Structures are given as C-alpha cells and as structure tokens.
Amino acid sequence: MTPGPHLPKTYRPAATRIVASVAANCLVAVIVVGWIALPAKSKADFDWYQRITLISVFASFLVVLWGVGRCKLVAEDTGLTVTNIFSTRRYDWAQAVALEFGGSAPWAVLDLSDGTSTNVMALQAVDGNRASRSARELAGIIAAKTRADRND
C-alpha cells in the first residue's frame, strides 16, 4: 500500500481562481481607465452620493470575486477545514464520512456523520482531471483517517 500525501495538504480550484483574479483585475482596470477617460465636466457632475454608490457597487463585485478566489480545503492530521466563498467550517475526521465528486455536480460534496453534507468548492468540475485526481486522493485520506479513528 502506497503512503498517502503528507498532511497538511491544501486543495484549491485552479480555473475558478484564475477567472476570479482576471475578472477582478479587469474590473479595476475598467473602473480606473473609465474614470480617467471621463471629461472633467462629467466628473464634476457626480455628487458624493453617486460616487459612493458607484464605489460600493464595484467593491461588492470585488468582494464576491475575492470570496470565489479564496475557496480551499485543508486536510490536516486533526481534520478538515473547508473554506467556501464566505464561510469556513472545521470538521474532525470522525465527522467526515465520504467525499462525492462527479456526475453533473459543479463541485465535490462532503458527507458528514450527522447525515448532512457540505459543498467543497475547492474541488470543482471545471478543473477536470486535476480535480478528479484531488478528489480521489482526498477520498482516500478520508477513508484512511476515519478508519483509523474507528480503530482507536
């Protein structure tokens, strides 16, 4: 039997992080270039409420893109930490039952011992074979760790 990966190990989506990063940079560039390109009279026509509103809308888009780009799963000796867009949850190995990935689901799903499940946006179908390999590896870690927990 081959040894599993050394823990801690972090899993992150590749394509989604690239898209979020490029989109955020393009959004900032469009905002800056658009503002610079406006004639002085047009800039002067914006009152402070309109400026704050525009900045708030653009900041909201950037926050969402940041959230998408921060998705990850960290497997450690003590358990799993799943970070999705705006939430981070910690699970002990005893809580993790299985990892499901494939079919038409956009990302992996972690089945939990209490009968619930949680999305794992760190493993996304858009990443293709890379995500499949990571999901198989993580499923093996979960199986080994939960088996070890039951034997203790």
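It should be emphasised that the depicted structure is a prediction, and the values quoted were computed from it without experimental measurement.
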Side chains of Leu110 and Leu80 in contact at under 4.5 Å (non-hydrogen atoms): yes

For residues Trp107 and Val68: do they belong to one hydrophobic cluster (side chain heavy atoms under 4.5 Å, members Ile, Leu, Val, Met, Phe, Trp, Tyr)? yes

Heavy-atom pair of closest approach, residues Ile141 and Leu7: CD1-CD2, 4.2 Å

Run Glu76 and Lys9 through salt bridge (charged side-chain N to carboxylate O under 4.0 Å, His left out) and show every step you take. CA-CA 7 Å; Glu76 301 170 299; Lys9 176 132 187 189; over 6 Å; no

Does any non-hydrogen side-chain atom of Thr88 lie less than 4.5 Å from one of Thr81? yes

Mind checking the CD-OG1 spacing from Gln95 to Thr116? Nearest 0.5 Å is all I need. 9.0 Å

Distance-only criterion, 3.5 Å: show the donor-acceptor pairs between side-chain atoms of residues 120-132 and protein atoms not counting sequence neighbours.
residue: Gln124; atom: OE1; partner: Thr16; partner atom: OG1; Å: 2.4
residue: Gln124; atom: NE2; partner: Met121; partner atom: O; Å: 2.8
residue: Asp127; atom: OD1; partner: Ala15; partner atom: N; Å: 2.8
residue: Asp127; atom: OD2; partner: Ala14; partner atom: N; Å: 2.8
residue: Arg130; atom: NH1; partner: Arg12; partner atom: O; Å: 2.9
residue: Arg130; atom: NH2; partner: Arg12; partner atom: O; Å: 3.4
residue: Ser132; atom: OG; partner: Gly128; partner atom: O; Å: 3.3

Inter-residue atom distance Cys71.SG - Phe86.CZ, 0.5 Å rounding: 9.0 Å

Would Val33 end up clustered with Leu54 when hydrophobic side chains under 4.5 Å apart are linked, directly or stepwise? no

Between Thr83 and Arg89, does any side-chain donor sit less than 3.5 Å from a side-chain acceptor? no

Do Asp47 and Gln50 touch side chain to side chain, with heavy atoms closer than 4.5 Å? yes

Cluster check Leu27, Val57: I/L/V/M/F/W/Y, side chain < 4.5 angstrom: yes

Return the CG to CD1 distance between Leu62 and Ile55, rounded to the nearest 0.5 Å. 11.5 Å

Say you draw a straight line from CG of Asn119 to OG of Ser87; how long is it, rounded to the nearest 0.5 Å? 9.0 Å

Can you check whether Ser60 reaches Val64 side chain to side chain, under 4.5 Å on heavy atoms? no

Decide whether Tyr11 and Leu112 are clustered together by the hydrophobic rule: side chain heavy atoms of Ile, Leu, Val, Met, Phe, Trp, Tyr closer than 4.5 Å, transitively. yes

Would Lys41 and Asp45 count as a salt bridge (charged side-chain N to carboxylate O under 4.0 Å, His left out) if you check the C-alpha gap in whole Å, the side-chain angles of each, and the deciding distance to 0.1 Å? CA-CA 6 Å; Lys41 180 176 178 347; Asp45 288 343; 3.5 Å; yes

Below 4.5 Å, heavy atoms only, C-beta onward: do Thr118 and Tyr91 meet side chain to side chain? yes

Would a hydrophobic clustering, with Ile, Leu, Val, Met, Phe, Trp and Tyr connected at side-chain separations under 4.5 Å, put Trp66 with Val28? no

Between Trp35 and Phe46, is the ring centre distance below 6.0 Å? yes

Closest non-hydrogen contact found for Leu138 with Ala75 is CD1-CB, 4.2 Å

Take Thr78 and Asp92 through the test side chain to side chain contact (heavy atoms under 4.5 Å, CB included) and record every step on the way to the result. CA-CA 6 Å; Thr78 57; Asp92 294 328; 5.6 Å; no

Heavy-atom closest pair (Lys43 atom, Leu38 atom, distance to 0.1 Å) is CE-O, 3.3 Å

Is it the case that the side chain of Ser21 and the backbone of Arg17 share a donor-acceptor pair, with hydrogens and angles ignored and the cut-off at 3.5 Å? no

